[in-house]
Amino acid sequence: MAQTRTPIIAGNWKMYKTGAEAREFAAAVRQQLQGVAGVEMVVCAPFTALAALQETLAGSNIALGAQNVHFAEEGAYTGEIAPRMLSEFGVRFVIVGHSERRAYFNETDAMVNKKVQAALQHGLVPIVCVGEDLAEREAGQTFSIVEMQARAALAGVEAEQVAGVVIAYEPIWAIGTGKSSTAEDANEVVRHIRKTIAELYDQETANRVRIQYGGSVKPENIEEFLAQPEIDGALVGGASLAPESYVKLVRAASR
Ligand code: 13P
């Protein structure tokens, strides 16, 4: 299988950092990461930090991402953000269906699908999160859960578009717990997700889709995940907040 996929390291800042703090982060990392190749770098920031990052990351090799998007063009949706509002700030990636949004904000597979379609229509790369919780894992349902989530998220997405989607496999029990999946286990789940995409489209298309691992990834363990043939980078929460740590994660992926 041709391995031509560029790994992608995306920081998910969650509800951390003001615009001023984001600016400090950008100033600290942009120079250190200048000229780093062979890896795509993304920072998924809170909406209120996007303007500051657009300015401080301009001309750098670090792309801007958001953590959520609404699926409508515009409308009476108090508190929501439309795709073109993100594009206005130079946002290129958007996390869709993070387990925290599914759990705390009642995001369903149907909503995730609409968001994926809206993002693609607007030229944003959706980073679609899938993953099982602890009970599902213990019940041996990991493969069926991620398969169901991936199929639902990609419903109606055209073959030409799907190669532009990034999927993040994030086992819920590994998020923010310090308990990461073993790299081998994560690789098997990611392989199953790729198999699902091959069933939905074809093998060649599936080989082009980048699938990241997320869940307690840090500089100390990222190499194990990156060494796996199916895993194309990481979606990182806590360890993406400190500039030194983010730089280490990216450097590991560029090697
Ligand atoms: P942690 O890296 O903090 O476990 O978070 C993972 C995550 O949810 C990234 O989206």
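Every number for a ligand or one of its atoms is a count from 1 in the order of the listing.
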Treating Gln67 as the side-chain partner and Asn12 as the backbone partner, does any N or O pair qualify as donor plus acceptor under 3.5 Å? no
Hey, what polar pairs (N/O, under 3.5 Å) does ligand 1 make with protein?
residue  : atom   : partner : partner atom : Å
ligand 1 : 2 (O)  : Gly237  : N            : 2.9
ligand 1 : 3 (O)  : Gly238  : N            : 2.9
ligand 1 : 4 (O)  : Gly176  : N            : 2.6
ligand 1 : 4 (O)  : Ser216  : N            : 2.8
ligand 1 : 5 (O)  : Lys14   : NZ           : 3.2
ligand 1 : 8 (O)  : Lys14   : NZ           : 2.8
ligand 1 : 8 (O)  : His98   : NE2          : 2.8
ligand 1 : 8 (O)  : Glu170  : OE1          : 3.4
ligand 1 : 10 (O) : Asn12   : ND2          : 3.0
ligand 1 : 10 (O) : His98   : NE2          : 2.9
ligand 1 : 10 (O) : Glu170  : OE1          : 3.1
ligand 1 : 10 (O) : Glu170  : OE2          : 2.9

Under 4.0 Å between a Lys/Arg side-chain N and an Asp/Glu carboxylate O for Arg102 and Asp133? no
Identify whether the distance between the nearest side-chain nitrogen and carboxylate oxygen of Arg84 and Glu88 falls below 4.0 Å. no
Tell me, please, which residues at least two apart from Trp173 pass ring-ring contact (aromatic ring centres under 6.0 Å, His included). none
Are Arg151 and Glu147 close enough for a salt bridge, meaning some N to O gap below 4.0 Å? yes
Around atom CZ of Arg30, are there more than 12 heavy atoms from other residues, nucleotides or ligands closer than 6.0 Å? yes
